[in-house]
Amino acid sequence: MRLRFALAAALPALLSLAAMALLGDRLARRALEEELGARLVAVASAAAAALPAERAAALAPGDEGTRTYGHLRARLEALARATSTRLVLARLDRTALCDSDGRHAIGDALPALERDRFELAEVAAGRTAASQVLFEGRDGELYKTGYAPLTDAAGAVVALVAADGTAPSFATLRGFRSLLLALAVAGAVLGAAVAVLAAHSVTRPLLALAGAARRIGAGDLESP
């Protein structure tokens with residue numbers, strides 16, 4: 001009886017606490033993702049505005065030593081340092097043209113872009129977009145990508161700029177999750193303790209009454 005009463009008293013409170021902790025975590029993560037996505041889209045748009053579209057679209061494998069490539073690479077490097085991001089200039093077929101850290105040669109396939117097919121379709125239509133899915137980088141941090149189209153003088157989309165970046169706030173989110181977990185555990189322990197005490201105070205007189213009833217039923221008419 002005591003166990004059932006304790007569970008009945010503690011379980012609703014524990015479930016409510018767990019639901020509130022989960023909701024708080026989801027809301028905080030969503031807010032951080034939206035803020036990061038907007039920042040990365042702004043960085044990608046700024047990079048696209050600073051790049052010569054016609055010359056970028058004319059790059060071909062083997063042009064890594066040309067002045068055009070060096071000019072594009074220098075602009076991407078400068079903006080990447082200023083914004084703490086990684087910038088990639090790519091064709092719409094998801095092959096590389098240039099990037100801020102020299103990781104890819106012209107014409108290299110970019111399989112990482114495969115995860116954002118919907119966003120790339122938006123860019124091909126001339127719109128900016130931020131990736132919907134976070135991905136884990138080589139450093140273990142969570143990253144997101146912002147995309148912007150690179151258009152020529154006629155307004156045609158000839159390439160795209162991708163800006164990869166993370167937010168220091170995600171470290172704060174991890175701390176927030178630890179705090180929520182600690183609060184949930186503390187709340188569970190406190191709720192269980194209160195439930196046990198409440199069960200004891202409520203069931204003790206009931207058990208005494210049941211014991212007296214058994215004694216009276218056995219013939220002990222002196223039991224109160």
Side-chain angles (χ1 to χ4, degrees), residues 16-51 53 56 72-92 94 96-104 110-151 157 159-185 187:
S16 299
L17 183 61
M20 291 176 61
L22 181 61
L23 179 61
D25 177 73
R26 292 289 176 86
L27 291 176
R29 183 185 178 96
R30 181 180 299 176
L32 289 176
E33 287 190 30
E34 290 177 353
E35 176 188 356
L36 178 60
R39 181 174 71 87
L40 292 174
V41 165
V43 172
S45 299
L51 299 176
L72 293 173
R73 174 81 185 278
R75 287 196 177 186
L76 291 179
E77 284 181 343
L79 188 55
R81 284 195 303 269
T83 58
S84 300
T85 59
R86 177 176 177 269
L87 294 170
V88 178
L89 177 63
R91 298 188 188 277
L92 296 178
R94 297 183 291 280
L97 287 172
C98 185
D99 59 21
S100 59
D101 54 9
R103 188 180 302 175
H104 299 288
L110 299 172
L113 298 183
E114 294 291 335
R115 64 174 175 264
D116 294 333
R117 284 178 173 269
F118 174 79
E119 290 79 3
L120 296 184
E122 291 289 301
V123 174
R127 296 183 288 270
T128 59
S131 60
Q132 299 298 312
V133 180
L134 289 171
F135 64 95
E136 186 172 330
R138 297 178 180 180
D139 54 3
E141 296 292 334
L142 294 175
Y143 283 82
K144 199 175 180 71
T145 306
Y147 296 101
L150 182 65
T151 57
V157 179
L160 64 90
V161 177
D164 294 338
T166 188
S169 304
F170 281 119
T172 305
L173 179 60
R174 292 192 184 96
F176 180 62
R177 285 176 172 172
S178 300
L179 177 61
L180 287 178
L181 179 60
L183 290 175
V185 172

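What you see below is based on every heavy atom in this structure, not just the backbone, and it leaves out hydrogens, waters and symmetry mates. Note that the structure is a prediction, hence the values are computed from the model and not measured.
Among residues two or more places apart in sequence or in another chain, the side chain to side chain donor-acceptor pair (under 3.5 Å) test is passed with Glu77 by Arg73. Considering only residues two or more places apart in sequence or on other chains, Arg91 meets the side-chain contact (heavy atoms from CB on, under 4.5 Å) condition with Asp93, Thr95, Leu97. Looking at residues two or more places apart in sequence or on another chain, you find a side-chain contact (heavy atoms from CB on, under 4.5 Å) between Asp116 and Glu119, Ser131, Thr145, Tyr147. Partners of Thr83 under the side-chain contact (heavy atoms from CB on, under 4.5 Å) rule, at least two apart in sequence or in another chain, are Val43, Leu79, Thr85. Every residue meeting the salt bridge (Lys or Arg N to Asp or Glu O under 4.0 Å) condition with Arg117, not counting sequence neighbours, appears here in chain and number order: Glu114. Take Arg115 and apply the side chain to side chain donor-acceptor pair (under 3.5 Å) test, not counting sequence neighbours, and it matches no residue. Shown here are the salt bridge (Lys or Arg N to Asp or Glu O under 4.0 Å) partners of Arg127, two or more places apart in sequence or in another chain: Glu122.
Under the 4.5 Å side-chain criterion, counting only non-hydrogen atoms from C-beta, Leu160 is in contact with Leu120. Residues Leu40 and Lys144 form a side-chain contact, since some pair of their non-hydrogen atoms from C-beta on lies under 4.5 Å apart. With contacts defined as side-chain heavy-atom distances shorter than 4.5 Å, the pair Pro149/Thr128 qualifies.
Across all non-hydrogen atoms, the minimal contact from Leu87 to Ala47 is CD1-CB, 4.2 Å.
Side chain of Asp164 to backbone of Arg86: no donor-acceptor contact under 3.5 angstrom is found.
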> Checking side-chain contact (heavy atoms from CB on, under 4.5 Å) for the pair Cys98/Leu76: CA distance, chi angles, key distance, verdict?
Replying inline: CA-CA 8 Å; Cys98 185; Leu76 291 179; 3.9 Å; yes

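Within the model, atoms CG of Leu89 and CG of Leu51 stand 6.0 Å from one another, a figure rounded to the nearest 0.5 Å. Atom CG of residue Leu150 and atom CG of residue Leu92 lie 9.5 Å apart, to the nearest 0.5 angstrom. The structure places CG of Asp101 at 12.0 Å from CZ of Arg81, a figure rounded to the nearest 0.5 Å.
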